[in-house]
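What follows is a short report on a single structure.
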Amino acid sequence: MKDAKVIELEEVAIRFSGDSGDGMQLTGTLFSDTSALFGNDISTFPDYPSEIRAPQGTVGGVSGFQVQFGKKKITTPGDLAHVLIAMNPAALKANAAFMNPGGTIIFDVDSFSEKNFAKAQFQTLDPFAELKLDDYFKIPVPITSLTKESLKDLELDNKSVLRCKNMFALGLICWMFERPLDYIERFIQNKFGKKSPLIAEANLKVLHDGYNYGMNMQHATPRFIVHPAPIEKGIYRNINGNLATAWGLLAAAEKSGLNLFIGSYPITPATDVLQALAERKDLGVKSFQAEDEIAGICTTIGAAFAGHLAVTSTSGPGFALKAEALGLSVMAELPIVVVNVQRGGPSTGLPTKTEQSDLLQTLYGRNGESPLVVVAASTPSDCFYYAFLAAKIALERMVPVVLLTDGFLGNGSEPWRVPSMSELPSITPRKATNPELFKPYNRDPETLAREWAVPGMEGFEHRIGGLEKNAAGGVSHDPENHHINTQIRAEKVAKVVDMIPELEVVGEAEGDLLVVGWGGTYGHMISSVRAMQNAGKKVSLAHFNYIKPLPKNTAEVFSKFKKIVVCELNLGQFASYLRDSVPGFHYYQVNKMKGLPFSVHELVENFEKILEA
Amino acid sequence: MTKFNYTAKDFKSAAEVRWCPGCGDYAIMNAVQKTMADMDIAHKDFAVISGIGCSSRFPYYMSTYGFHTIHGRAAAIASGVKSANPDLTVWVITGDGDSLAIGGNHFIHLVRRNINLNLVLFNNKIYGLTKGQYSPTSDRGKITKTSPFGTIEDSFIPGQLVLGSRGTFFARAIDSNVKHTQEVLAESAKHEGTSVVEVLQNCVIFNDGIHDYVADPKFRAERQLFLMKGEPMIFGEQEDKGLILENGHLKVVKIGENGITREDILVHHPEEDNLGLQVALINMALPEFPVAMGVIRSVKAPIYDQEMKKQIETVQAKRRVTCMDELLQSGNTWTVDGENCSEPVKFFDNKCFV
């Protein structure tokens, strides 16, 4: 037998792709977890349709999951996949554009039939030629028939047998990348072992048969070696952005000594935040699934009035519905955290796809002068920290805080060194202490934050509401009072700048081009900037997590560069905000509106053009 | 013996009351304040939540905790307050426009969940604060500023909506009868679950006299039926009229005629889960029937805020995770401790001023 072809790689991206019922998200997740456990750094990108089940075999119904892993720090799921697993012709068609030139395609040859070519709207019987994939390395594997063969002795119905196909593919990929199977085996046992031992047995058998198939066919399949990444010591877990957000809020509740309340309404892609918190009754979480988005934030405001760390989660259109109540929390100066996991818009837009186009809505989308604090997370795992910080700012400054994440961060995952609670900063809510001196709108002279007195506290009985008030809490239509209070509310938000760090620059503090971004584009931005730096270009990155207020030194950082380019997944919302808030600079723009993250390649191309301009 | 010896006056705040002279709201507020005084609960443990409208200015006039919120959302905000802290005594003050139009969704879900609070629905069948447009309780054909040729919609009957939303408590009173309003509010305060009290309220400016036909003291005995738990449903100046069921429908009969005796008259059982009869009582309208006043339904059912508390306690009794450090290290974790690995960098060293 010939030796297997062994390819040693620094980093590799794999894309699992099939029908939305084929279990590709699970397959991808299991492979990612296995790789993370193996010691690679990873970054993942689930890409799925908004229909639960689009017609089988059609391009519209293709569900994909890309993971990049490597022996060095991985910041993106990879622009293009080195290996594609295509469970049917539609999956091939949908993903051809995301393949690395000359990459490897593993496909279920059983499903590459005339009927399925038609469903995927191929014009000929040679999909590879049609997609110009002729010189790619193709591995036809009869996944369907081998799965059937593997399970013929088990008394399983045909539907259940076919459901195991993804495990065959997974087993094969694990062999190709030298991943041990024990983590996946444990997962299958935990998921099916007790309830349906037969299903567990079937999945395990197919997984192993897939692995062994790779071993037996090694003359035909390449084998890849990706060494573990050198990373910080510590305890690690794999985490996605939505779970990290939920846990950051839980951590803030524990640190502040408050109970956590979440009033929310399910909406893609934010639902997981609500679900993750609903699961944590053991930590005392009160989760309230409201009748609509408005009730979601209103129950949250009620819980904040009653003294809880109160949170609501949503995505774009749901955030629009919350606008009026958000204004109430600005006026009543109650500490709430609103998590907006952004998705493509307007209206229902692209519910399962990522975008950064709610920024202006967040900053300005309310009636009246209605300032609040805006924070944005930049990687799946740092959603934990920015959720924690959002809560800290809200509770210490008595102000609503909006945390912006997005579908890419929410669903994407990466390994995360788990912090201990002792590493996290303290949170001191502004609970009122002296009933003699208490007035609802008395303020701390430094921070302008009012004090928080909640029902049940003796001697602090007071009334608040949406109407303009004087310091004593009385309704006031006095013109002077409204003018002053409007300024105070804006100033209070501006003073949060004292809590946040200065803007950091990745790279030299001066140069030819400063690349500016915010939120979930961080991974692609830093990869592209590093690529430019490695090519000897004087390019640096300034990535924003604090959007309102902006870091103190923003203008100073900008002033050190010849050119500035603002990159975002919208038509230039942050760029307009910067033109207004940090005037005096020319801001170039790179914008993308495809429901997809940036690719490193397209960013680099754009930066080079701007440098030459 | 009472702990606090409160009187109604103790619940008045220093704020100047700014309702129109003669507004029915004054009488209702007096009744609420008297009821609160009698509840013998500390000021600090009351939270009065309102939406938008004339009646919703109510919290400002109370010496308790209060929150005047936004149009239609009082029910949702109060649901959050009570879920967060079930020990509070929460009152929602709202009107027919606030609760049944813009807040209709929150209203029905509050009732469905059976959150333990008292909701007082001021029903003047008009939009007062926006100056005289028709409301969801305005009668078909009502001429207002936004219906100059008469409305072409049917109105909500609030009690029907409450029972349709699986409400556990519904009562009706009228502003001009302060004593009865107070009795009804006292019953609602005792009820565990969402209690809705509809108070027929007069708007002197935009809908003056809308309830006069019912309220007229001269005909009160004929036009109002005061329901009492365990008592026959009898009314009339001479207490000689009553209700019976005939072919499944309510019917007014005269005691002494056609062999009808007191014993034939239906006895009121608000505590029984008898939706059909209770809806029939709610629907009774002049001139065929008297208008039913008092507690129409008061049944027991699980209470949302208590269930939430219980569920947390149940889960916590057998929990594996008791704090964040345990959660963070639970499940699929792995340890990295290789020789070429670096020391951990604390995130907060550079991301926030502690």
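Here is the naming used below: chain letters follow the sequence lines, and residue numbers restart at 1 for every chain.
A heavy-atom distance below 4.5 Å is not found between the side chains of A/Glu232 and B/Val336. Between B/Ser330 and A/Arg237 there is a side-chain heavy-atom pair separated by less than 4.5 Å. Within the 4.5 Å cutoff, the side chain of B/Ser83 has heavy atoms near those of the A/Phe261 side chain. With contacts defined as side-chain heavy-atom distances shorter than 4.5 Å, the pair A/Ile294/B/His106 qualifies. Side chains of B/Tyr60 and A/Val475 form a contact here, defined as non-hydrogen atoms less than 4.5 Å apart.
For B/Ile41, no part sits under 4.5 Å from any heavy atom of chain A, backbone or side chain. Looking at A/Ser420, the atoms closer than 4.5 Å to chain B (heavy atoms on both sides) sit in the backbone and in the side chain alike. Using a 4.5 Å cut-off between heavy atoms, A/Leu328 touches chain B through its side chain atoms alone. Both the backbone and the side chain of A/Phe288 come within contact range of chain B, each with at least one heavy atom under 4.5 Å from a heavy atom of that chain. Both the backbone and the side chain of A/His462 have a heavy atom closer than 4.5 Å to some heavy atom of chain B. Of the two parts of A/Ala36, the backbone and the side chain both hold a non-hydrogen atom closer than 4.5 Å to a non-hydrogen atom of chain B. Heavy atoms closer than 4.5 Å to chain B are found nowhere in A/Ala253, neither backbone nor side chain.
For residues 43-58 of chain B, no pair satisfies salt bridge (charged side-chain N to carboxylate O under 4.0 Å, His left out), with sequence neighbours left out. Sequence neighbours left out, the pairs with a member in residues 96-117 of chain B that pass salt bridge (charged side-chain N to carboxylate O under 4.0 Å, His left out) are A/Glu291-B/Arg113.
Here the side chain of B/Tyr65 pairs a donor or acceptor atom with the backbone of A/Met457 at under 3.5 angstrom. Counting only distance, with no hydrogens or angles, the side chain of A/Arg280 and the backbone of B/Leu327 share no donor-acceptor pair below 3.5 Å. Not a single donor-acceptor pair under 3.5 Å links the side chain of B/Arg319 to the backbone N or O of A/Lys281. Of the possible polar contacts, one joining the A/Glu254 side chain to the B/Met324 backbone as a donor-acceptor pair under 3.5 Å is found.
Note: A/Glu324 CD to B/Thr69 OG1 = 9.0 Å, rounded to the nearest 0.5 Å.
For B/Asn332 and A/Asn238, the side-chain atoms include no donor-acceptor pair closer than 3.5 Å.
Residue-level contacts of residues 72-81 of chain B with chain A, in order of numbering, are B/Arg73, B/Ala76, B/Ile77, B/Ser79, B/Gly80, B/Val81; threshold 4.5 Å between heavy atoms. The contact list for residues 307-318 of chain B toward chain A, using heavy atoms and a distance under 4.5 Å, reads B/Met308, B/Gln311, B/Ile312, B/Val315, B/Gln316 by residue number.
Nearest heavy atom pair, residue A/Pro419 against residue B/Leu328, reads O-CD1, 3.4 Å. Scanning all heavy atoms of the two residues, the minimum distance from B/Tyr304 to A/Ser287 falls at OH-O, 4.1 Å.
Between A/Phe305 and B/Phe67, the two ring planes are tilted [angle within 30° to 60°].
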